[in-house]
Participant: 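This structure is in structure tokens; I'll ask about it shortly.
The first residue in the sequence is number 1, and the count goes up from there.
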Amino acid sequence: MNYDIHTYWRNSDEREEALKLKQLLIDNNVQTFSLVDIPIGPHPLPMFEAHVSATDLPVIEAQLVANRVNCSILIHEKTNDHMYDHTEGARWLGTPLELNLEFLKNFPG
């Protein structure tokens with residue numbers, strides 16, 4: 001199984017933190033994607049996404065825990081059941097955010 005990691009920011013200080021966390025992921029050979037500076041889909045804040053394997057997740061998650069200060073980070077399973085992935089199959093590092101679950105109800109599998 002693979003996992004998605006979404007790192008969110010609320011302000012310029014947290015954006016800088018998110019950039020540092022993104023570099024940490026890159027340095028650990030985790031696939032990362034472009035910054036998304038506006039809320040999109042179920043995501044309520046600007047964020048970037050990363051993909052990590054289940055094998056690598058424990059080490060990567062420990063590094064995120066050790067280096068996260070204020071950013072909220074969503075880690076979720078990738079089962080192709082988007083509602084499950086973002087609720088029961090998800091956990092938060094930092095402050096949990098309210099996702100737009102209505103978007104996910106209408107999202108094609």
Participant: Are Phe103 and His43 close enough that their ring centres sit under 6.0 Å apart?
Facilitator: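 Ring-ring flag for Phe103/His43: false, centres at least 6.0 Å apart.
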Participant: When you check the gap from the basic side-chain N to the acidic O, do Glu102 and Lys105 get nearer than 4.0 Å?
Facilitator: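 Salt bridge between Glu102 and Lys105, a charged N being under 4.0 Å from a carboxylate O: yes.
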Participant: Describe, in one word, how the ring planes of His6 and His76 are oriented to each other, choosing from parallel (under 30°), tilted (30 to 60°) and perpendicular (over 60°).
Facilitator: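 Plane angle under 30°, so parallel.
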Participant: What closest approach, in Å, do Tyr3 and Glu77 show between heavy atoms, and which atom pair accounts for it?
Facilitator: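 Of all heavy-atom pairs spanning Tyr3 and Glu77, the closest is CE2-CG, 3.5 Å.
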Participant: Is it true that, when you exclude Leu101 itself, more than 12 heavy atoms of the residues, nucleotides or ligands shown sit nearer than 6.0 Å to its CG?
Facilitator: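 Count over threshold, so yes.
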Participant: Can you see which heavy atom on Asn70 is nearest to which on Glu17, and at what distance?
Facilitator: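 Asn70 and Glu17 have their closest heavy atoms at N-OE1, 2.9 Å.
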Participant: Would a distance-only check, ignoring hydrogens and angles, find a side-chain to backbone donor-acceptor pair under 3.5 Å from Lys22 to Phe33?
Facilitator: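 Indeed, once roles are kept as given, a pair shorter than 3.5 Å links the two residues.
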Participant: Check the hydrophobic clustering (I, L, V, M, F, W, Y; side-chain heavy atoms under 4.5 Å; chains of links allowed) and say if Leu24 and Leu35 are grouped together.
Facilitator: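 Both belong to a single hydrophobic cluster.
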Participant: Using side-chain contact (heavy atoms from CB on, under 4.5 Å), reason through Asn2 and His51 one step at a time and then give a plain yes or no.
Facilitator: CA-CA 7 Å; Asn2 292 316; His51 296 167; over 6 Å; no
Participant: Side chains of Ile75 and Leu93, heavy atoms from C-beta outward: is any pair under 4.5 Å?
Facilitator: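 A side-chain contact exists here, since the closest heavy-atom pair is under 4.5 Å.
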Participant: Nearest 0.5 angstrom please: Thr7 OG1 to Lys20 NZ, how far?
Facilitator: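 These two atoms lie 14.5 Å from each other.
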Participant: Kindly give the cluster partners of Val69, where membership spreads through any ILVMFWY side chain lying under 4.5 Å from a current member.
Facilitator: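 Members other than Val69 - counting any ILVMFWY side chain reachable under 4.5 Å - there are none.
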Participant: Same cluster or not: are Ile5 and Leu74 linked, directly or through other Ile, Leu, Val, Met, Phe, Trp or Tyr residues, by side-chain heavy atoms under 4.5 angstrom apart?
Facilitator: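 No, Ile5 and Leu74 fall in different hydrophobic clusters.
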Participant: Could you pull out the closest heavy-atom pair between Ser72 and Thr95, with the gap in Å?
Facilitator: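 Closest approach of Ser72 to Thr95, heavy atoms only: OG-O, 2.5 Å.
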Participant: Just verifying a value: how many Å separate Asn67 CG and Leu25 CG, rounded to the nearest 0.5 Å?
Facilitator: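 Answer for the CG-CG pair, Asn67 versus Leu25, is 9.5 Å.
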Participant: Under 3.5 Å, which donor-acceptor pairs link side chains of residues 57-64 to any protein atom two or more places apart or in another chain?
Facilitator:
unit_1, atom_1, unit_2, atom_2, d
Glu61, OE1, Arg91, NE, 3.4
Glu61, OE1, Arg91, NH2, 2.7
Glu61, OE2, Arg91, NE, 3.1
Gln63, OE1, Asn28, ND2, 2.8

Participant: Answer with yes or no whether the hydrophobic clustering places Ile73 together with Met47; edges join I, L, V, M, F, W, Y residues whose side-chain heavy atoms lie under 4.5 Å apart.
Facilitator: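 In one cluster: no.
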Participant: Considering all heavy atoms of both residues, which atom of Phe48 and which atom of Ala18 are nearest to each other, and what is their separation?
Facilitator: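 Heavy atoms only, the tightest pair is CE2-O, 3.4 Å.
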Participant: Stepwise, does the side-chain contact (heavy atoms from CB on, under 4.5 Å) test hold for Asp81 with Glu88?
Facilitator: CA-CA 11 Å; Asp81 178 342; Glu88 295 173 52; over 6 Å; no
Participant: Taking Leu104 as the starting point, is it possible to reach Tyr8 by hopping between hydrophobic residues whose side chains are less than 4.5 Å apart?
Facilitator: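 Same cluster.
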Participant: What pair of heavy atoms forms the shortest contact from Glu14 to Cys71, and how long is it?
Facilitator: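 Glu14 and Cys71 have their closest heavy atoms at O-SG, 3.3 Å.
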Participant: Heavy atoms only: give me the nearest Ala90-Asp85 pair and the separation to one decimal.
Facilitator: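 Heavy atoms of Ala90 and Asp85 come nearest at CB-O, 3.3 Å.
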Participant: Mind checking the CG-CG spacing from Leu99 to Leu45? Nearest 0.5 Å is all I need.
Facilitator: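 Those atoms lie 9.5 Å apart.
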Participant: Hey, any chance Trp92 and Val52 share a hydrophobic cluster, counting ILVMFWY side chains that come within less than 4.5 Å of each other, even indirectly?
Facilitator: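 No; tracing contacts between hydrophobic side chains, which count when under 4.5 Å, never links both residues.
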